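Heads up: the structure comes next, in structure tokens.
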Amino acid sequence: MPVSNVNIARLFNRLADLLEIDGANPFRVRAYRNAAQTIRSHSRSMGEMVAQEEDLSELPGIGKEIAAKIKTIVEHGRLPQLERIETRVPAELSDMMQIEGLGPKRVKVLYRDLKIRSIEDLRRAAQTHRIRDLPGFGEKTEKTILRRVQTWTGQAPRTLLAEAEDIAEPMLRYLKDCKGVKRVIIAGSYRRRKETIGDLDILATAKTGSDVVQRFTRYEDVGEVVSSGKTRSTVHLKSGLQVDLRVVPDASYGAALHYFTGSKSHNIALRTMAQKRKMKINEYGVYKSNKKIAGRTETDIYKLFGLAYIDPELRENRGEIEAARDKRLPKLVSVKDIRGDLHMHTTATDGRNSLRDMAEAAAQRGYEYIAITDHSRHLTVANGLDAKRLMKQVEAIDRLNGELRNITILTAIELDILERGTLDLPDSVLKELDLTICSIHSSFRLSRKKQTERVLRAMDNPYFNIFAHPTGRLINKREAYDIDLERVVAGAKERGCYLEVNAEPERLDLNDDACRMAKHMGVKVAISTDAHSVSSLDHMRFGVDQARRGWLEASDVINTRPLNTLRRLFKRI
DNA sequence: GCCGTTTTCGGCCCGACTGTTTTCAGTCG
């Protein structure tokens, strides 16, 4: 199996860690980290690019040397330079840097003076008070290290965006209620609408002397106050989620919001532009020879560099700055562009609400149409529909359509794609429906080739319209099945099929990069909720967020079309 | 190690907080 971009990025990050501990040139270290970031977020696999002999050094932050190293990793699965340094610097030291408060310098001292090389060694040394006497350490640091090591769970978990909203909203209200506070907003990856967030970044503007930081540290859900100063503070909530608060004067709102929204690489790119113009950007404003020339709004800042306003979802240094300069930024799709939801379940299979409930709830949300897509017979655990039950549902939908004034229900089904690439119901049944969505619910472990061909074969069926949750991943729970998404997208293009952006918070499948790839290859998507209850219809916004991160415009999304146009899109024969 | 409408050499984002120091290094975002 080819090495994934994520795994290549991990190797470079590990190399960067070990080089840093070894005291290498910090800029060289950063170069490896930048390259790792580029590789991780690149929409095409390094493996394929190497196979097609493309020039990797054209990617940002990747030059001749790193390009050659990527090639070696792809072809041999190894990075010899990493293996060489591991003979001098134990690889586990890289894990120790995951402990908050431990960076390369301290890890180096711990290893050099006490031969500590694992988190377990670290715990024992802290318990037996051997750390406090090391140079640059003390009693307090030792206690902090012990506490962090004891609560260490391995991988730092990332919180689903939807869960983060539930935590953030009440906290926001609590902080707004503070005297002297003017504005409070959540910045960081939350504002960029990433599918998961590592921490919450809250920005407040307040008069000097406001006690907003104190109020923040006294929030009832705070488990530990990590730091707390005049203008910033970090806490851990009882759940373990880290929350950072930064306070700036209101006149710096735009600069601070921009700064704390990131991403880091977007900010660095912009700051480099500033440097070339002999200007300086920080969280308080843009400065030219110590004179503040912008900072009240984000728009002002972009304007200063000849750039159009860049939506937060695009700020990943993936070409948005160039696009803003050349006035070719996309006008991103928004929730109000969505005219209907094309994936939902009812009590006929595994949904919690009836057909009528779902239709009425959708109408209340202002939709013009919905598609009812209960499961097909193969999915027995969900009580999937056979031909007879499906036809009964179609009749029920016809009756309801006769009754409901303000919404049209499309007859549809979520069809299982069987292992050999056949669809779970015969064409004679499918031809009676307005559309189908097709998906994989079994045989996740097929080889990449077999899985890909399974889907392409299924798409050969002229009643195949939308490929639902195309990679099958469940965030933090289940990896995507191994599939060549590029071939699938190309296959959809040839055959007139569409891909779904599933808005369920733990699916968000297609993800942002894949959305972008689909757009580049000329394939349109449907953004749908996969709702199993009335309340889940509100997840639409998370799907839209993901599509926005993938640069999609309303014209890239089929369920922004009026009903008549939409119906035509599903006629393949 | 990467990069280039100042450059193929000499730069590389920048400020806050903590703890250990006694003026600052290390870490973080």
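Reckoned from all heavy atoms, side chains included, excluding hydrogens, waters and symmetry mates. Throughout, a chain's letter reflects where its sequence line sits, starting with A, and its residues are numbered from 1. Keep in mind it's a predicted model, so treat the numbers as computed, not measured.
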Query raised in the report: Is the cationic atom of A/R106 (NZ for Lys, CZ for Arg) positioned less than 6.0 Å from the six-membered ring centroid of A/F137 and within 45 degrees of its normal?
Result: yes
Query raised in the report: Checking A/K194 against A/Y190: charged group under 6.0 Å from the ring centre and within 45 degrees of the axis?
Result: no
Which whole number of Å gives the distance between the [atom1] atom of [N] and that of [M]?
{"N": "B/dC2", "M": "B/dT6", "atom1": "P", "value": "23 Å"}
{"N": "B/dG1", "M": "B/dT5", "atom1": "P", "value": "23 Å"}
{"N": "B/dG10", "M": "B/dG15", "atom1": "C1'", "value": "25 Å"}
{"N": "B/dC14", "M": "B/dC9", "atom1": "C1'", "value": "24 Å"}
{"N": "B/dC17", "M": "B/dT23", "atom1": "P", "value": "23 Å"}
{"N": "B/dT22", "M": "B/dT18", "atom1": "C1'", "value": "15 Å"}
{"N": "B/dT21", "M": "B/dA25", "atom1": "P", "value": "13 Å"}
{"N": "B/dT7", "M": "B/dG11", "atom1": "C1'", "value": "9 Å"}

Rounded interatomic separation in angstrom, taking [atom1] from [X] and [atom2] from [N]:
{"X": "A/I197", "N": "B/dG29", "atom1": "CD1", "atom2": "P", "result": "13 Å"}
{"X": "A/Q37", "N": "B/dG29", "atom1": "CD", "atom2": "P", "result": "15 Å"}
{"X": "A/L200", "N": "B/dC28", "atom1": "CG", "atom2": "P", "result": "19 Å"}
{"X": "A/E139", "N": "B/dG19", "atom1": "CD", "atom2": "P", "result": "12 Å"}
{"X": "A/I145", "N": "B/dG26", "atom1": "CD1", "atom2": "P", "result": "14 Å"}
{"X": "A/R33", "N": "B/dC28", "atom1": "CZ", "atom2": "P", "result": "10 Å"}
{"X": "A/L245", "N": "B/dC17", "atom1": "CG", "atom2": "C1'", "result": "14 Å"}
{"X": "A/Q98", "N": "B/dT27", "atom1": "CD", "atom2": "C1'", "result": "14 Å"}

[X] side-chain proximity, nearest of [options]:
{"X": "A/I66", "options": "B/dC2, B/dG19, B/dG26", "result": "B/dC2"}
{"X": "A/Y32", "options": "B/dG29, B/dG1, B/dC17", "result": "B/dG1"}
{"X": "A/E283", "options": "B/dG29, B/dG26, B/dG15", "result": "B/dG15"}
{"X": "A/K264", "options": "B/dG26, B/dG1, B/dG29", "result": "B/dG29"}
{"X": "A/K140", "options": "B/dT27, B/dG19, B/dG29", "result": "B/dG19"}
{"X": "A/E100", "options": "B/dG1, B/dC28, B/dT27", "result": "B/dC28"}

Query raised in the report: For A/T141 and A/K105, take the nucleotide of DNA chain B holding the closest heavy atom to each; which residue's nucleotide lies nearer the 5' end?
Result: A/T141
Requested in this report: Starting from the 5' end of DNA chain B, give me the residue, A/V107 or A/G229, whose nearest nucleotide shows up first.
Outcome: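 It is A/G229 whose nearest nucleotide is closer to the 5' end.
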[X] near the nucleic acid: base, sugar-phosphate alone, or nothing, with a heavy-atom cut-off under 4.0 Å?
{"X": "A/Q242", "value": "sugar-phosphate"}
{"X": "A/R232", "value": "base"}
{"X": "A/K230", "value": "sugar-phosphate"}
{"X": "A/E142", "value": "nothing"}

Query raised in the report: ring-ring contact (aromatic ring centres under 6.0 Å, His included) with A/Y309: which residues, sequence neighbours excluded?
Result: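 So A/Y309 forms no ring-ring contact (aromatic ring centres under 6.0 Å, His included) with any residue.
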Report task. Could you list the residues that satisfy ring-ring contact (aromatic ring centres under 6.0 Å, His included) with A/F27, not counting sequence neighbours? Result -> none
Report task. May I have the step-by-step check of side-chain hydrogen bond (donor to acceptor under 3.5 Å, both in side chains) for A/E316 and A/H266, ending in yes or no? Result -> CA-CA 5 Å; A/E316 300 288 347; A/H266 174 91; over 6 Å; no
Whether the [X] and [Y] side chains hold a donor-acceptor pair (N or O, under 3.5 Å, no angle test) is what I'd like checked.
{"X": "A/R218", "Y": "A/Q214", "answer": "no"}
{"X": "A/H129", "Y": "A/E142", "answer": "yes"}
{"X": "A/S263", "Y": "A/R315", "answer": "no"}
{"X": "A/D244", "Y": "A/T234", "answer": "yes"}
{"X": "A/T471", "Y": "A/R473", "answer": "no"}
{"X": "A/N7", "Y": "A/R10", "answer": "yes"}

Requested in this report: Look at the rings of A/Y32 and A/F12 and say which category their plane angle falls in: under 30° parallel, 30 to 60° tilted, over 60° perpendicular.
Outcome: parallel
Would you indicate, yes or no, if [N] has its OP1 or OP2 atom less than 4.0 angstrom from a side-chain nitrogen or oxygen of [X]?
{"X": "A/N282", "N": "B/dC14", "result": "no"}
{"X": "A/Y287", "N": "B/dG15", "result": "no"}
{"X": "A/T231", "N": "B/dC17", "result": "yes"}

Report task. State, with a plain yes or no, whether a side-chain heavy atom of A/K108 is found less than 4.5 Å away from one of A/E20. Result ->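 Not touching, per the 4.5 Å side-chain cut-off.
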Got a sec? Which of [range] come in under 4.0 Å of DNA chain B, heavy atoms?
{"range": "residues 108-135 of chain A", "value": "none"}
{"range": "residues 54-65 of chain A", "value": "A/L59, A/P60, A/G61, A/I62, A/G63, A/K64, A/E65"}
{"range": "residues 212-228 of chain A", "value": "A/S227, A/S228"}

Query raised in the report: Using purine N1 to pyrimidine N3 plus N6-O4 or O6-N4 for Watson-Crick, or N1-O2 and O6-N3 for G-U wobble, each under 3.5 Å, what pairs with B/dC17?
Result: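 Pairing partner: B/dG26.
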Report task. Evaluate whether atom NZ of A/K292 has more than 12 neighbouring non-hydrogen atoms of other residues, nucleotides or ligands under 6.0 angstrom away. Result ->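 Enclosed.
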Query raised in the report: Is atom NZ of A/K331 surrounded by more than 12 heavy atoms (other residues, nucleotides or ligands) closer than 6.0 Å?
Result: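 Not more than 12 within 6.0 Å, no.
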Query - Least distance between heavy atoms, A/L56 atom then A/I70 atom - result: CD1-CG2, 3.6 Å
Query - Per-nucleotide protein contact string for nucleotides 5-12 of chain B (B base, S sugar-phosphate only, - none; heavy atom under 4.0 Å) - result: -B-----B
Report task. Go through the N and O atoms of the side chain of A/Y259 and the base of B/dG15, and report whether any donor-acceptor pair is under 3.5 Å. Result ->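 It does not, because no donor-acceptor pair links the side chain of A/Y259 to the base of B/dG15 below 3.5 Å.
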Query - side-chain hydrogen bond (donor to acceptor under 3.5 Å, both in side chains) partner of A/D513, the single match among A/R318, A/R40, A/H42 - result: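 Result: among A/R318, A/R40, A/H42, A/R318 is the only option passing the side-chain hydrogen bond (donor to acceptor under 3.5 Å, both in side chains) with A/D513.
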